[in-house]
Undergrad: 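Here you go, one structure.
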Amino acid sequence: MGLEAKLDSDGFLVTQLDTVVAWARKNSVYPMPMGISCCAIEMMAAADPKYDIARFGSEVMRFTPRQCDLMIVAGTVTYKMSHVVRKIYEQMPDPKWVIAMGACTSTGGMYRSYSVVQGIDQFLPVDVYLAGCPPRPDNLLNALIQIQNKIGRTRAKDFQNLKLPELNVIQNN
Amino acid sequence: MELKDLISQKLESNFPEAELEYSEYRGELNIKFNKKFVNSICKFLKQDSELEFLLCEDVTAVDWAKRKNRFTVVYHIFSLKHNFRLVLKADVDESDCSIDTVSSVWKTSDWQERETYDMYGIKFNNHPDLRRIYMPEEFEYYPLRKDFPLMGIPGSLPLPKK
Ligand code: SF4
C-alpha cells in the first residue's frame with residue numbers, strides 16, 4: 001500500500017497539480033521563530049529531539065522572514081515591539097500563516113497594562129491561537145497540524161487575480 | 001565609631017545647610033536632603049576616602065500624588081569598602097520638576113535617570129542625553145505617575161496598520 005505500491009503497479013498517478021502543491025506545501029512549512037519572551041523556550045523545546053517538530057516537516061526554522069511561510073509569535077508583544085513584528089510579517093512571502101502562541105500573544109495574558117498589546121490580532125491576521133502560559137510543546141505541534149490542515153484546503157484559485165490586502169482576508173478565513 | 005554615625009557626622013559638618021534628615025528602615029540608613037545639594041553630597045560620599053560609595057545601584061522616584069512635594073527621588077548607593085548600603089532621598093515638587101544629575105559622579109546613573117525621567121517626568125539638569133529609554137520618543141505621558149491610568153491612554157501608542 002501507499003505511494004510506492006501504487007507507483008510500482010501502475011507507474012503513474014492521477015491527481016490535480018493544485019493538490020500536489022498543497023500537499024507539498026503543508027508538509028514543508030518553514031516557521032519564522034518570532035520568539036519574544038518566555039514562550040520561545042517552549043517553542044525551542046518543540047524543535048528538540050523529544051517533541052521533534054521535524055516529524056511534521058517543520059524543522060527548518062529560518063531566522064530570516066524571507067524564507068518562511070509560518071510566523072510563530074511566541075511571547076509578550078509590547079506596543080513598541082508590535083511595529084517590528086508587523087514589519088517582519090510583511091517581509092515574508094505570500095502565502096503566509098501566523099500562530100499566536102501563548103496567553104500573552106493571544107490576549108495580553110497576565111500583562112493587563114498600558115505597554116502590552118492586548119492580543120496581536122489587533123495588527124496581524126492570526127490563524128491559530130494557542131492557549132497556555134506557556135503552552136506545552138505538544139500544544140504547539142497541535143497548532144502546526146491545524147495550520148497544515150488549513151494549508152491542505154487552500155487552492156490556487158483562491159488566490160487568483162487578487163490584490164495583497166484581499167489575499168490576506170482569504171488566507172486567514 | 002559606627003559607620004552610620006560617621007556618615008551623619010561628616011555630612012553635618014560639610015553640608016550644614018542641606019536640611020539633612022535621618023531615618024532608619026530595616027537597618028538601612030535613609031538620608032533626606034534639599035535637592036540643591038544632591039550633586040555635591042553624592043560627590044562627597046563617593047570621593048571621601050573613609051566612605052567610598054563607589055556604586056550607584058539604583059535611581060528611582062516615588063509619586064505621592066497629593067503631597068505638597070509631589071515626588072521623592074531615591075538613590076541607592078553602595079560602599080564596597082564597608083559592604084554598606086545607603087539610601088538618599090530628595091523631594092521634588094511638580095511646579096519645578098527637576099533635580100541636578102548625578103551622572104557626572106556615577107556613570108551608571110545616566111540610564112537610571114533616563115528611566116526615572118521616562119516614567120515620572122522628572123528632569124535631570126545637565127544630563128548628557130536625557131531621552132526616553134523605554135517608551136517611544138513621541139509618547140507624551142509618564143506611565144508611573146499616579147494619575148496615569150493602568151491601561152494607558154487609548155491612541156497614545158500607535159499600532160501598525162492591519
Ligand atoms: S504566555 Fe506566559 S510563557 Fe508565554 S510569553 Fe506570556 S508570560 Fe511568557
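Letters go in sequence order (proteins before strands), and every chain restarts at 1.
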Undergrad: Does atom OH (A:Tyr30) have a neighbourhood of more than 12 heavy atoms from anything else shown, all under 6.0 Å?
TA: no
Undergrad: Answer with yes or no whether the hydrophobic clustering places B:Leu6 together with B:Leu20; edges join I, L, V, M, F, W, Y residues whose side-chain heavy atoms lie under 4.5 Å apart.
TA: yes
Undergrad: Any side-chain to backbone donor/acceptor pair from A:Lys80 onto B:Tyr134? Under 3.5 Å, distance only.
TA: yes
Undergrad: Looking only at heavy atoms, what is the nearest atom pair of A:Tyr79 and B:Pro158, with distance?
TA: CD2-O, 4.4 Å
Undergrad: Does atom CZ (B:Arg67) have a neighbourhood of more than 12 heavy atoms from anything else shown, all under 6.0 Å?
TA: yes
Undergrad: Measure across B:Pro160 and A:Phe123 and return the closest heavy-atom pair with its distance rounded to 0.1 Å.
TA: O-CB, 3.6 Å
Undergrad: Could you tell me whether B:Lys36 atom NZ has more than 12 heavy atoms of other residues or ligands within 6.0 Å of it?
TA: no
Undergrad: Taking CZ in A:Arg55 as the centre, count heavy atoms belonging to other residues, nucleotides or ligands within less than 6.0 Å. Is the count above 12?
TA: yes
Undergrad: Say you draw a straight line from CG of B:Leu157 to OH of A:Tyr114; how long is it, rounded to the nearest 0.5 Å?
TA: 9.0 Å
Undergrad: Heavy-atom cut-off 4.5 Å, strictly under: side chain, backbone, both or neither for A:Val116 against chain B?
TA: neither
Undergrad: To the nearest 0.5 Å, what is the distance between CG on B:Leu159 and CZ on A:Arg86?
TA: 11.0 Å
Undergrad: Side chain, backbone, both or neither: which part of B:Phe139 has a heavy atom under 4.5 Å from chain A?
TA: neither
Undergrad: For residues A:Tyr51 and A:Ile53: do they belong to one hydrophobic cluster (side chain heavy atoms under 4.5 Å, members Ile, Leu, Val, Met, Phe, Trp, Tyr)?
TA: yes
